[in-house]
Amino acid sequence: MQPHYRFAGFMGKRVHLGVSGSIAAYRSLDLLRALLEADCTVSATLTESAARFVTPLSFEALGASPVYGSMFEAAPSGGSAFGHLEPGQEAEVMVIAPATANVLAKLAHGLADDMLSCQALAFPGPKIVAPAMNPRMWDSPATRRNWDLLDILGYTRVQPDSGHVACGDTGDGRLAPLENILIETLKALSPQDLAGKRVLVTLGPTREPWDGVRFWSNPSSGTMGACLAMAAVLRGAEVTIVAGPTALEFPPNATVVSVTTAREMHDACLDLWPGMDIGCATAAVADFHPVPFGPEKYKKGGIESLTVHFEPNPDILKALGESKTEGQKLIGFAAETSNLKEEAARKLDSKRLDLIAANDISRQGSGFGTPTNEMFVLDSAGRRETWPVLPKTEVAWRLWDHLQLG
Ligand code: CTP
């Protein structure tokens with residue numbers, strides 16, 4: 001799992017995982033692992049047919065507890081005789097993945113003839129369903145209708161993927177990518193205080209070419225921005241990421257615009273900004289670009305030294321601040337090696353920001369390439385806070401809390 005998925009707030013949150021009898025059942029083991037890696041506590045139910053594809057022992061061995069099977073077999077360790085009611089009392093979210101056509105039909109009509117369908121019926125919290133089946137079964141009018149009914153019943157529906165399925169057919173019906181199911185599950189455990197907000201995040205370094213093979217850049221990994229983007233997605237925002245070159249993976253439901261140079265990042269951001277509610281600039285933008293030598297490789301010949309000339313790049317955040325309209329909010333970052341608080345205050349003011357998070361990149365546990373940051377946070381209302389060294393995920397979560405309060 002990518003580090004920007006691990007938010008402390010999910011620690012110990014209880015998820016109930018329902019698994020039904022599809023060839024995709026083996027992928028629910030990876031889903032279980034991902035949920036456990038996100039620090040959730042997971043219980044599971046396998047239908048009788050699911051247990052033909054994967055075993056309860058595999059779920060137990062990976063850490064699911066309890067693991068329920070048939071209604072009338074002995075209660076699993078950690079469970080009681082009222083297993084059909086327990087997830088509804090204990091778990092905060094129920095996710096059924098994979099859900100077969102039969103299970104969709106049962107859920108849509110409130111049938112309760114086995115452990116999983118009883119548990120779903122008795123579950124009062126958010127329910128997520130991710131189907132997997134043959135494309136012709138998926139396309140059948142009965143399944144289409146059941147799928148619509150599940151929407152009316154308030155299920156969060158994770159659309160199946162398209163492609164080859166086990167039986168050789170091609171079409172819709174493959175279990176969705178696990179990341180999509182995981183994100184919907186974590187969303188159900190998160191406040192939706194950014195719902196309806198369109199958020200723009202810049203992240204990563206920029207790369208300024210000099211000759212055919214060389215460029216000017218910096219070691220930003222983009223992690224802080226990825227954490228902010230992920231936290232915003234989980235809290236309900238519609239997120240657009242303008243990313244310089246990074247190796248990171250981004251949430252599947254974020255729009256990603258990939259750029260290379262500061263100029264490209266500037267143009268992409270200014271195009272997008274009028275349609276955004278919140279802008280968040282974490283990118284380590286190169287302030288200067290070398291005056292290009294050209295598309296050829298510069299040959300060293302016999303020279304002793306080399307002088308490269310630089311010209312300024314646009315300040316993207318400042319440009320966003322200058323065109324900020326009422327209701328739009330802007331968050332900036334400041335990477336400093338001295339005068340942290342003074343520089344943060346100066347940038348907050350000169351770039352017309354609502355909130356700035358500044359860190360001293362010369363300190364251990366802060367800055368480029370670290371999983372943590374130590375932040376001084378200042379907002380336009382004058383609130384000033386110094387936060388301890390925190391994982392970047394926590395910094396991101398707190399910044400969204402902070403902006404909401406402001
Ligand atoms: N920023 C930007 N465009 C630039 C430079 C910076 O959008 N050309 C943004 C960064 O993403 C960050 C904030 O401005 O949110 C501050 O960046 P920082 O590098 O700390 O400061 P600079 O504005 O470059 O100023 P200085 O070089 O004086 O520290």
Side-chain angles (χ1 to χ4, degrees), residues 199-209 215-229 231-232 239-246 248 257-273 276 278-290 310-324 328-363 366-370 373-380 392 395-396 398-400 402-403:
V199 171
L200 172 68
V201 178
T202 73
L203 59 77
T206 63
R207 214 177 250 183
E208 313 296 327
F215 57 80
W216 170 258
S217 191
N218 61 65
S220 167
S221 63
T223 307
M224 190 63 245
C227 291
L228 271 154
V239 176
T240 302
I241 297 169
V242 178
T246 76
L248 289 170
V257 180
S258 296
V259 296
T260 304
T261 63
R263 171 54 66 184
E264 287 168 12
M265 186 175 276
H266 171 270
D267 293 353
C269 289
L270 285 177
D271 260 9
L272 290 160
W273 184 223
M276 297 289 155
I278 305 172
C280 191
T282 72
V285 184
D287 289 320
F288 297 90
H289 65 264
F310 285 83
E311 286 173 346
N313 276 333
D315 188 323
I316 302 165
L317 185 55
K318 194 162 195 290
L320 298 181
E322 279 162 4
S323 58
K324 187 170 75 162
Q328 282 185 314
K329 300 239 177 203
L330 205 47
I331 307 176
F333 279 72
E336 307 297 342
T337 48
S338 57
N339 301 330
L340 182 76
K341 294 184 178 175
E342 296 75 10
E343 280 301 289
R346 182 180 68 79
K347 289 176 187 176
L348 179 86
D349 194 46
S350 67
K351 302 196 189 205
R352 297 189 61 221
L353 307 180
D354 297 280
L355 180 64
I356 190 159
N359 61 342
D360 181 342
I361 50 173
S362 63
R363 284 174 78 95
S366 222
F368 293 137
T370 60
N373 254 347
E374 185 178 359
M375 289 297 184
F376 168 66
V377 177
L378 175 64
D379 72 9
S380 53
K392 286 181 174 170
V395 172
R398 281 193 186 205
L399 281 172
W400 290 126
H402 211 71
L403 186 73

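Ligands are counted one by one from 1 in listed order, and the atoms in each one are counted from 1 as well.
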message: Give me the atom names and distance for the closest heavy-atom approach of G225 to V201.
response: O-CG1, 3.7 Å

Under-4.0 Å heavy-atom contact between protein and atom 19 (O) of ligand 1: no

Heavy-atom proximity to atom 8 (N) of ligand 1, best of A344, A319, A283, P314: P314

message: Taking 4.0 angstrom as the limit and counting only heavy atoms of A281, give me the atoms of ligand 1 inside it, by number and element.
response: 11 (O), 12 (C), 15 (O)

task: Could you tell me the residue and atom name of the protein heavy atom closest to atom 4 (C) of ligand 1, and the distance to it rounded to 0.1 Å?
output: V285 CB, 3.5 Å

message: How far is atom 17 (O) of ligand 1 from the closest protein heavy atom, and which atom is that?
response: F333 O, 3.7 Å

- prompt: Does any non-hydrogen side-chain atom of K347 lie less than 4.5 Å from one of F333?
  reply: no

message: If we set the cut-off at 4.0 Å for heavy atoms, which region of L317 has an atom near ligand 1: side chain, backbone, both, or neither?
response: both

- request: Provide the number and element of each atom of ligand 1 under 4.0 Å from a heavy atom of G332.
  value: 15 (O)

- prompt: Are the side chains of S258 and I241 in touch, meaning some heavy atoms are under 4.5 Å apart?
  reply: no

query: What do you reckon, does R346 put a non-hydrogen atom under 4.0 Å from ligand 1?
result: yes

task: Look at atom 26 (P) of ligand 1 and find which of K347, E343, K351 reaches it with the closest heavy atom.
output: K347

field: Test item: N373 side-chain N/O and M375 main-chain N/O as donor-acceptor pair under 3.5 Å
entry: no

statement: Shortest non-hydrogen pair, M265 vs L203, comes out as CE-O, 3.7 Å

- prompt: To the nearest 0.1 Å, how far is atom 27 (O) of ligand 1 from its closest protein heavy atom, and which atom is that?
  reply: D287 OD2, 3.4 Å

message: Checking the side chain of Q328 only, and the main-chain atoms of L320 only, is there a donor and an acceptor separated by less than 3.5 Å?
response: no

Lys/Arg N to Asp/Glu carboxylate O, E342 vs R346, below 4.0 Å: no

- prompt: Only one of E208, R207, E311 forms a side-chain hydrogen bond (donor to acceptor under 3.5 Å, both in side chains) with H289, so which one is it?
  reply: E311

- request: Apply side chain to side chain contact (heavy atoms under 4.5 Å, CB included) to W400 and L228, showing your working.
  value: CA-CA 8 Å; W400 290 126; L228 271 154; 3.5 Å; yes

- request: Please say whether I316 places an N or O atom under 3.5 Å from an N or O atom belonging to ligand 1.
  value: yes

field: Side chain, backbone, both or neither: R263 near ligand 1, heavy atoms under 4.0 Å
entry: neither

task: Determine, using heavy atoms of D315 and all atoms of ligand 1, whether some pair is separated by less than 4.0 Å.
output: yes

